[in-house]
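Written out below as structure tokens is the structure these notes cover.
Letters A, B, ... are given to chains in the order of the sequence lines, protein chains preceding strands, and every chain is numbered from 1.
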Number of protein chains: 2
Amino acid sequence: MKAKNPTIADVAARAGVSVPTVSRVLTGAARVSPAKRELVEQAIAELGYRPSAAARALVSRRPQTIAIIAGNTSRYGYAETIRGIEIAARAEGYTVMITVVESADEDEVDRAIEATLTQPLAGVAVLKFDPPGVAALGKIPGNLPVVALSGVREPNMSQAVLDEAAAAEELTEYLLSLGHETVHHVRVPPSRKVDGRTTGWRRALRRANAAVPPVLDATWEPRSGIAVGRALAADPGVTAVFCGNDEIAMGVMRGIAEAGLRVPGDISVAGFDDNPLAELWSPPLTTVRQDFAGLGRRGFQLLLNAVNGTDDRRHSSERPRLVIRASTAAPGPRR
Amino acid sequence: MKAKNPTIADVAARAGVSVPTVSRVLTGAARVSPAKRELVEQAIAELGYRPSAAARALVSRRPQTIAIIAGNTSRYGYAETIRGIEIAARAEGYTVMITVVESADEDEVDRAIEATLTQPLAGVAVLKFDPPGVAALGKIPGNLPVVALSGVREPNMSQAVLDEAAAAEELTEYLLSLGHETVHHVRVPPSRKVDGRTTGWRRALRRANAAVPPVLDATWEPRSGIAVGRALAADPGVTAVFCGNDEIAMGVMRGIAEAGLRVPGDISVAGFDDNPLAELWSPPLTTVRQDFAGLGRRGFQLLLNAVNGTDDRRHSSERPRLVIRASTAAPGPRR
DNA sequence: ATGAAAGCGCTAACAG
DNA sequence: CTGTTAGCGCTTTCAT
């Protein structure tokens with residue numbers, strides 16, 4: 001029943017060689033005569049032997065596992081980023097471990113980090129998209145390679161970035177160029193005080209000498225946008241809205257529709273991320289395409305650099321791209 | 001620079017006790033006098049000591065890590081299921097490792113499984129939603145606890161199920177009860193020959209003596225539904241469409257709209273899953289709510305049972321719930 | 001090129 | 001209750 005896994009000693013016995021010899025053919029660390037190598041490989045195949053990563057990590061101190069710490073695993077941007085990291089890691093022979101930290105509550109963060117760091121890890125990638133991510137980042141000991149992935153650059157750390165501020169600025173400028181006097185902004189829960197999307201929006205308004213309306217807040221729940229959309233529709237000064245992500249934009253559009261107004265006829269709405277459903281929405285959503293999977297890949301590369309010490313590039317930034325569709329237009333006469 | 005992590009020996013030395021005593025306070029396996037316990041805890045805190053999971057797993061043979069094997073990590077159902085497993089696992093003190101197997105290609109599956117099984121694992125959860133999942137499941141050695149999570153029940157294995165066939169049947173019956181003569185079906189890539197959603201749909205049609213139209217296929221890409229929607233719109237015999245998931249339903253609706261027809265006026269469309277955006281769509285989408293996170297939780301529980309041998313329930317099935325919204329209605333005169 | 005010996009950090013078994 | 005003694009499965013000296 002218990003069919004114990006064969007060990008390296010079993011392989012050595014079967015092949016009639018010593019344990020270190022088996023280890024040598026396994027790791028390729030030293031040369032082994034073709035004859036013995038052949039014997040060993042055959043024994044491995046016959047036994048279905050598989051080396052124990054635990055024992056390896058214990059002695060060699062070069063673990064082949066990285067951990068991803070994230071506040072969420074299922075929302076679009078998070079899931080895609082994780083996918084990007086995983087693919088890049090797998091290509092390099094690394095295994096990926098995931099730890100979710102749902103709140104920034106100190107106890108929870110500590111518990112999660114503890115459980116994770118207990119593993120033999122080559123490095124850690126932190127999705128710094130939200131407060132839990134920021135909190136987790138602060139708890140990681142300095143002797144472990146770390147990379148942060150996020151929308152806002154911060155110093156003192158390896159970091160892969162999607163320059164959200166620049167993209168938000170471009171989007172806001174585009175809206176202004178359509179003839180809107182100002183642009184309202186609905187924010188998703190920010191990772192901390194500064195939020196790239198909000199920063200870029202404000203920067204564009206300031207530069208254009210447009211009024212800066214108060215920021216509206218939504219949760220991560222798409223439906224939280226509905227009430228916001230209704231409120232916006234009730235304000236005749238609102239002709240263009242920039243939402244923190246596409247899901248919220250969809251909620252806002254529904255709220256606007258429920259209030260009897262039309263998009264983009266009465267109000268233009270733009271999102272952020274380019275969720276795969278954005279192009280299917282009616283009207284198709286103007287948004288900013290974020291290459292989250294690419295962010296993940298770049299992040300892993302940076303982490304690998306830190307792990308190997310091969311390359312000391314510590315930053316990788318990319319600018320998301322504006323995607324203009326039909327949910328935005330020149331302002332019409334409201335109502 | 002290298003600030004080596006403290007070991008249990010460092011703690012023992014600092015606390016002035018033996019190594020096993022430290023181990024005892026760590027694991028709680030045996031009683032330790034309050035005085036020594038106190039000393040040990042203090043030493044642990046001062047040193048910032050953290051036990052090595054690798055060493056633990058090596059000797060205790062009770063690993064605290066489970067692996068999830070999945071064909072994808074970012075699509076809605078997958079991501080939510082993974083989230084459910086992760087949350088349940090974390091609550092029980094388990095760490096989660098993720099391996100993605102993108103194709104059912106034998107080499108790729110083997111490589112992925114090898115890399116995963118190399119780790120000290122308490123058990124494995126396989127998302128059997130697609131061919132890679134099915135292939136991976138077949139490769140896992142019999143001595144490791146395994147649970148499969150999926151939409152179709154299969155014997156000989158611990159399994160958590162969402163009874164998609166029953167739900168699809170109910171949905172199809174509902175559509176028929178509205179007065180549609182038959183219901184067309186757009187399938188997402190099936191995990192193998194039998195697909196619960198398709199099975200349930202066919203069952204309902206047969207039972208009602210309705211014609212069973214040929215199945216249409218879409219990919220996982222939401223936009224692949226557009227062409228299908230157009231084709232459907234071109235066929236005057238089509239008055240109701242059941243899509244394999246909500247994203248495809250959204251694509252199909254767009255195709256129908258592009259063809260100049262209306263939903264549900266000309267054609268009723270229903271989805272599957274209850275993606276958070278389904279209720280925001282216009283018109284809001286009739287669908288079936290799948291509790292993927294719950295599936296993940298139940299799956300983990302089953303896995304835990306297998307690992308501990310505490311309980312030998314090996315199956316857990318739940319029936320998804322029909323959610324009626326505005327995208328379905330009685331058939332009108334087409335055109 | 002290969003084997004013997006040592007030891008990674010930890011827990012289990014056994015004395016006391 | 002607590003310390004001593006043995007390994008877990010592997011890689012790394014160090015001889016030969």
Self-check item: Electrostatic pair B:Glu108:B:Arg111 at N-O distance under 4.0 angstrom
Solution: no
Quiz item: Does any pair with a residue in residues 82-119 of chain A pass ring pair (Phe, Tyr, Trp, His ring centres under 6.0 Å), and if so which ones, sequence neighbours excluded?
Solution: A:Tyr94-A:Phe300
Practice problem: Only counting residues at least two apart or in another chain, list the ones meeting side-chain hydrogen bond (donor to acceptor under 3.5 Å, both in side chains) with A:Thr95. | Solution: none
Quiz prompt | Pairing residues for A:Tyr49 by the ring-ring contact (aromatic ring centres under 6.0 Å, His included) criterion, not counting sequence neighbours | solution = none
Quiz item: Does atom CZ of A:Arg153 have more than 12 heavy-atom neighbours, drawn from other residues, nucleotides or ligands, at distances under 6.0 Å?
Solution: no
Quiz prompt | Estimated bend of the helix from C:dA1-D:dT16 to C:dG16-D:dC1 (axis per five terminal pairs, rounded to 10 degrees) | solution = 40°
Quiz prompt | Nucleotide C:dT2, atom C1' - distance to CZ of A:Arg37 in whole Å | solution = 13 Å
Practice problem: Output yes when a side-chain donor or acceptor of B:Glu86 lies under 3.5 Å from a complementary backbone atom of A:Val100, and no otherwise. | Solution: yes
Self-check item: Outermost DNA chain D nucleotides near chain A [under 4.0 Å, heavy atoms]
Solution: D:dG9 to D:dT13
Practice problem: Using whole Å, report how far CG of B:Leu58 lies from C1' of C:dA12. | Solution: 13 Å
Practice problem: For A:Glu46, check salt bridge (Lys or Arg N to Asp or Glu O under 4.0 Å) against everything at least two apart and list the hits. | Solution: A:Arg14
Practice problem: Not counting sequence neighbours, list each pair that qualifies as a ring pair (Phe, Tyr, Trp, His ring centres under 6.0 Å) and has a residue in residues 101-139 of chain A. | Solution: A:Tyr78-A:Phe129
Taking N or O atoms only and anything under 3.5 Å, show me the protein contacts with nucleotides 13-15 of chain C, one pair per line.
| unit_1 | atom_1 | unit_2 | atom_2 | d |
| --- | --- | --- | --- | --- |
| C:dA13 | N6 | B:Arg24 | NH2 | 3.4 |

Exercise. Please work out which residues in residues 12-19 of chain A have a non-hydrogen atom less than 4.0 Å from an atom of DNA chain D and list them by number.
Key: A:Val19
Listing, residues 115-126 of chain B side-chain donor-acceptor contacts under 3.5 Å, not counting sequence neighbours, or none:
| unit_1 | atom_1 | unit_2 | atom_2 | d |
| --- | --- | --- | --- | --- |
| B:Thr116 | OG1 | B:Thr99 | OG1 | 2.7 |
| B:Thr116 | OG1 | B:Ala112 | O | 2.8 |
| B:Thr118 | OG1 | B:Glu114 | O | 3.3 |

Quiz item: Among residues 39-49 of chain A, which contact DNA chain C at a heavy-atom distance under 4.0 Å?
Solution: none
Quiz item: Who are the side-chain hydrogen bond (donor to acceptor under 3.5 Å, both in side chains) partners of B:Ser18, not counting sequence neighbours?
Solution: B:Thr21
Exercise. For a side chain to side chain contact (heavy atoms under 4.5 Å, CB included) with B:Val17, tell me which candidate from B:Val32, B:Val25, B:Val22 qualifies.
Key: B:Val22
